[in-house]
2 protein chains.
Amino acid sequence: MIMAKVYITLKNGVLDPQGKAVQHSLESLGYKGVSDVRLGKYIELKLTDIHRRDAEERIKEMCERLLANTVIEDYRFEIEV
Amino acid sequence: MIMAKVYITLKNGVLDPQGKAVQHSLESLGYKGVSDVRLGKYIELKLTDIHRRDAEERIKEMCERLLANTVIEDYRFEIEV
């Protein structure tokens, strides 16, 4: 079994209103010095019936086709066997 | 400046309908052998005016008070200076 950890983040320059909301919430809780907050997604996938050597290509394809919106998002992933 | 990467995941045993939806979408795209999908959040925080030695405690507190719902979610974080 292969476990993949996928991190999806907004590209630089794409506004992140949800991150801004979290930043303001932290400020109103009294945390000063929070200069930026960016929110992304973290996805854990478990894959069976696949060889390690094919997993990278497969997961890349999953990210491109479904998991990430590559117009505004970047993705990276780690594979654990 | 300190950069923190916070990972928030659902606790084991907590149902993840969003993860299930992604799993079914992957299956309907033709990806067989996806045995589990869990969705979490990934948060990047930039903190200024704080020493490295205080950052851990501060971020833990932010997670407990705002970023994670500790009844159903776990969190972990990494700090980069």
Side-chain angles (χ1 to χ4, degrees), chain A residues 1-12 14 16 18-52 54-55 57-69 73-78, chain B residues 1-12 14 16 18-52 54-55 57-69 73-78:
Chain A
M1 199 193 64
I2 278 173
M3 160 91 158
K5 298 178 174 180
V6 182
Y7 307 91
I8 295 171
T9 48
L10 285 172
K11 282 182 198 285
N12 284 336
V14 177
D16 183 359
Q18 206 186 351
K20 279 280 170 261
V22 170
Q23 185 180 348
H24 292 145
S25 299
L26 286 169
E27 279 162 9
S28 59
L29 284 173
Y31 298 105
K32 304 299 172 203
V34 181
S35 66
D36 195 27
V37 180
R38 303 279 286 174
L39 258 75
K41 275 174 278 187
Y42 168 66
I43 306 175
E44 289 179 349
L45 294 167
K46 283 184 190 153
L47 305 181
T48 51
D49 299 332
I50 184 166
H51 285 286
R52 174 68 182 81
D54 302 321
E57 190 56 35
R58 177 87 55 94
I59 293 160
K60 187 166 178 288
E61 208 181 280
M62 288 175 177
C63 288
E64 298 274 344
R65 291 183 67 190
L66 181 75
L67 303 177
N69 175 350
E73 292 171 328
D74 289 323
Y75 63 87
R76 62 189 167 84
F77 57 85
E78 295 158 6
Chain B
M1 198 193 63
I2 278 175
M3 159 92 157
K5 297 178 175 180
V6 182
Y7 307 91
I8 295 172
T9 48
L10 285 172
K11 283 183 198 283
N12 285 336
V14 177
D16 182 359
Q18 207 186 352
K20 279 280 169 261
V22 171
Q23 185 180 349
H24 292 145
S25 299
L26 286 170
E27 279 161 10
S28 57
L29 284 173
Y31 298 106
K32 304 300 172 202
V34 182
S35 65
D36 195 29
V37 179
R38 304 278 289 174
L39 257 76
K41 274 173 277 185
Y42 168 67
I43 306 174
E44 289 179 350
L45 295 167
K46 284 185 189 153
L47 304 181
T48 51
D49 300 331
I50 183 166
H51 285 285
R52 174 67 183 80
D54 302 322
E57 190 56 36
R58 177 85 57 94
I59 293 161
K60 186 165 179 288
E61 206 181 281
M62 288 176 177
C63 287
E64 298 273 345
R65 290 183 68 188
L66 181 75
L67 304 177
N69 174 349
E73 291 171 329
D74 289 322
Y75 63 86
R76 61 191 169 81
F77 57 84
E78 296 158 6

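Basis for what follows: all heavy atoms, side chains included, without hydrogens, waters or symmetry-related copies.
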**Message:** Is it the case that the side chain of B:T48 and the backbone of A:G33 share a donor-acceptor pair, with hydrogens and angles ignored and the cut-off at 3.5 Å?
**Reply:** yes
**Request:** Quick one: pull up CD1 in B:I43 and CZ in A:R38 and give me the separation to the nearest 0.5 Å.
**Result:** 13.0 Å
**Message:** Working note: B:L45 + A:D36, criterion side chain to side chain contact (heavy atoms under 4.5 Å, CB included); need CA distance, chi angles, decisive distance, verdict.
**Reply:** CA-CA 6 Å; B:L45 295 167; A:D36 195 27; over 6 Å; no
**Message:** Are there over 12 heavy-atom neighbours, none belonging to B:Q18, within less than 6.0 Å of that residue's CD?
**Reply:** no
**Message:** On a heavy-atom basis, which atom in A:R58 and which in B:K32 lie closest, and how many Å separate them?
**Reply:** NH1-O, 3.8 Å
**Message:** So which atom in B:S25 and which in A:L66 form the shortest heavy-atom distance, rounded to 0.1 Å?
**Reply:** CB-CD2, 3.7 Å
**Message:** Under 4.5 Å from any heavy atom of chain B, what part of A:L67 do you find: side chain, backbone, both or neither?
**Reply:** side chain
**Request:** Side chain from CB out, backbone as N, CA, C, O: work out which of these in A:E61 comes under 4.5 Å of a heavy atom of chain B, or both, or neither.
**Result:** both
**Prompt:** Would A:Y7 and B:E44 satisfy side chain to side chain contact (heavy atoms under 4.5 Å, CB included), going step by step from the backbone distance to the final call?
**Reply:** CA-CA 11 Å; A:Y7 307 91; B:E44 289 179 350; over 6 Å; no
**Test log, rule side chain to side chain contact (heavy atoms under 4.5 Å, CB included), inputs B:T9 and A:Y42** = CA-CA 8 Å; B:T9 48; A:Y42 168 66; 3.3 Å; yes
**Message:** Out of B:L47, B:I50, B:D49, return the one with the most heavy atom pairs under 4.5 angstrom to chain A.
**Reply:** B:L47
**Worked check of side chain to side chain contact (heavy atoms under 4.5 Å, CB included) between B:V34 and A:M62** = CA-CA 11 Å; B:V34 182; A:M62 288 175 177; 3.8 Å; yes
**Item:** Leading residue by heavy atom contact count with chain B [cutoff under 4.5 Å; candidates A:V22, A:L29, A:I2]
**Value:** A:L29
